[in-house]
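Residue numbers begin at 1 in each chain, while the letters A, B, ... track the order of the sequences. Note that the structure is predicted; figures quoted are calculated from it, not measured.
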2 protein chains.
Amino acid sequence: MMIADQNLVKKMNKRRLLQEVIHHSPISRANLSKTTGLNKSTVSAQIQEMVDEKFIFEIGQGQSSGGRRPVMLMFNKQAGYAIGVDIGVDDMTVLLTDLDGSIVTERYFDLKQSSPDETIALLLTTNQQMIDTMPVSPYGLIGIGICVPGLVNREEQIVLTPNTHWNGVELKKIVESTFNVPVTIENEANAGAYGENIYGAAKAYDDFIYISVSTGIGVGLVLGNELYRGVHGFSGEMGHMTIDFNGPKCNCGNRGCWELYASEKAFRQSLPREWNDDEIASRLQKNDVELFRALENFGHYLGIGLVNIANTFDPEAVILRNPLIESNPFVLNALKNTLSSRMNVRFDTECAFLPSTLGKNAPALGACSMMIEQFINGITA
Amino acid sequence: MMIADQNLVKKMNKRRLLQEVIHHSPISRANLSKTTGLNKSTVSAQIQEMVDEKFIFEIGQGQSSGGRRPVMLMFNKQAGYAIGVDIGVDDMTVLLTDLDGSIVTERYFDLKQSSPDETIALLLTTNQQMIDTMPVSPYGLIGIGICVPGLVNREEQIVLTPNTHWNGVELKKIVESTFNVPVTIENEANAGAYGENIYGAAKAYDDFIYISVSTGIGVGLVLGNELYRGVHGFSGEMGHMTIDFNGPKCNCGNRGCWELYASEKAFRQSLPREWNDDEIASRLQKNDVELFRALENFGHYLGIGLVNIANTFDPEAVILRNPLIESNPFVLNALKNTLSSRMNVRFDTECAFLPSTLGKNAPALGACSMMIEQFINGITA
DNA sequence: AAGTTAGTTTAATCAAACAACAAACATAAA
DNA sequence: TTTATGTTTGTTGTTTGATTAAACTAACTT
């Protein structure tokens, strides 16, 4: 445990003030004093420091409310930039954002034919391009966050990627030594959860569960406004929660895993034939019965697992990340039906089930925001 | 968010010092300075305060290590006393402990024929008796913690007790107004988890899952060394996690709930005939095949749910609270077999599965320790 | 001109760190 | 046994630094 001294006091109050400016700008010193409870002189001193450090700037005078006009302060969201990378099973997203999480540059790649080595090369050149075209700023590139579809341990090493071959690749070291900035490697579901918490559907929630439904099902747990990672970093493997203990074998070793029923892969296997995305879209337009039956089933199986999640966590919200769910409220309704039929009135009315608002950018944005938060916390070091 | 000032600094350091004394006594001022990093003069000043407040006393001189002999300090665990009550479905435990959690007085009651009103009367008179016979101390009774077998919301109201009739009983108000000390109402599994974390099998763990197996299955989640309660206080209802979505209906509304297979009630129903505890004990002695088969099955079904828990939380440990498990390592082995057969080598070797060490006292002790922690935190207010 | 609001300056407060010191002891050489 | 040396413990007085209250200047509204 840490010991407390005046330095800690200053750090805490500085952080608090910066957060207030970030989330409520434009705001005046007087107003900061009111909202934080800190003395006016304390506010002035701290703000001056952060103005000198280029994190905050004065935007000019605001409206008077019967006296001297206030000087409005803004967070300098262009003080630096972050890169977020989402390495998927067969695609990659690379985003450059400012400190507000606003996307400056975005690039999407198809990885269907790529080996990890080729992907790393692509990642490095893309990052370099982004750095080269990045606007000039006091702090430049403040960090690179990378998420991968698999298990990442507490040392940020990739230890298991069921659908790809990233196991053991020393991604953190490679990227860190190339660009000499802080690098974080994170699980895709954790990054997505983080993104939704900072910028997306879960902004207002402190306790929520983020569910990424694709080839498998990945879960990010945000409990008490913090990502819960587990001892080894492997929490949220709820895709491998059994929902039928006599069910079919899964390659995780378990039987009747949730993702064997409710993943997008399972959904596609449940279709009468193999339909590509265009085919599915056009059948949606035409209210195709077979498709809707499959979608309803998809929602139903999702719902079965969600009952377990609601019973386990009693969360404020569950955020679902999947293109089909985001574009079809119908799936969400099917899912809610299963929930209300399987839970006596209690949770279903008091827990929000929402689609992701960041969509496919969620994990990369989450990766960015992790670096941004690290950077902002470092400001007060 | 709170603002920081010198008062906070003092509080934090005082708390830190007190914790150090509690957990490493006897200890000298010099040693405290070393372990905490606080300056010797700071330590001296803070300790003096707590000596004056009767929380710490000087026990005398310790061994010299080549210089002046140190003055050894001890936590005054007899500065006050706490009462912990565990109201079960058909029994009640009432404990009086000192601030160390050592039991001073213990009483056990059979509630098989009691209504809530009768139980409350019994609780109040027992508490009064304990207060009357309690040793004199500077702070007297510092609080009463009570746990109940059901759902307790964040306002500490009892909202659902499936197997009894405590719903809506204003227990907190009743007890608080009778004794005029702080009262906490808590769910039985949460209290048990807390107890094991402070005094029992989970002392060394920051992230663990406590599982209370009786009529139903209750789960207490300790994540990051804190009890995770959920938004409404209803987390850990994992007894109603489906492990067979086509399974039999449960009165919670769900199907194939874990506790329909792995509760003690389910275990007893799985026996060829109704055996009482003595019968079971004697058959255990005689290595009765039918009983052992049932126990193995019991372990197997526990294991199925524990795989889900391991996949969900990636905990350091799982603590199992049930008399049969505590007295029969055999069940634990059966359970571990199921785990290793259903999880590819990863968790089973790195997550400890342990029986409760506090046994039936776990929840009441947890309730005590909640009050003690509240009190100790209040010291530094 | 009077009253309000914004922001700065000044002096006081307080907790911890620092530095110097005294007390009490261990060790080993004389 | 005696003495000298160095170590450890705990206290005392001083300094540092962040917050704060209060006084003050600045700028605006009515």
Whole Å only: how far is the [atom1] atom of [X] from the [atom2] atom of [N]?
X: B:M72; N: D:dT8; atom1: CE; atom2: P; value: 15 Å
X: B:E49; N: C:dA15; atom1: CD; atom2: C1'; value: 11 Å
X: B:L8; N: D:dT20; atom1: CG; atom2: C1'; value: 16 Å
X: A:N39; N: C:dA12; atom1: CG; atom2: C1'; value: 13 Å
X: B:N7; N: D:dT19; atom1: CG; atom2: P; value: 14 Å

[X] side chain to [Y] side chain, donor-acceptor N/O pair below 3.5 angstrom:
X: A:Y194; Y: A:E373; result: yes
X: B:E176; Y: B:N180; result: no
X: B:N225; Y: B:N197; result: yes
X: B:N190; Y: B:Y210; result: no
X: A:E20; Y: A:T36; result: no

Interface polar pairs with nucleotides 26-30 of chain D, N/O, under 3.5 angstrom:
residue: D:dA27; atom: N3; partner: A:R68; partner atom: N; Å: 3.3

| said: Considering every strand and a 4.0 Å limit on heavy-atom distances, what is the contact class for B:K34: base, sugar-phosphate, or nothing? | reply: sugar-phosphate
| Contact class for A:V43 (heavy atom, under 4.0 Å): base, sugar-phosphate, or nothing? | nothing
Distance test, side-chain N/O of [X] to OP1/OP2 of [N], below 4.0 Å:
X: B:S41; N: D:dT11; value: no
X: B:N13; N: C:dA16; value: yes
X: B:K40; N: D:dT12; value: no

| said: Any donor-acceptor pair, under 3.5 Å, between the side chain of A:Q48 and the base of C:dG7, if you only look at N and O atoms? | reply: no
| No-H, no-angle donor-acceptor pair, A:D5 side chain to C:dA16 base, under 3.5 Å | no
| query | What ring-ring contact (aromatic ring centres under 6.0 Å, His included) pairs are there with at least one residue in residues 55-74 of chain B, not counting sequence neighbours? | reply | B:F55-B:Y139, B:F55-B:F375
| task | Map A:Q6 and A:N31 onto DNA chain C by nearest heavy atom, then report which one ends up closer to the 5' terminus. | result | A:N31
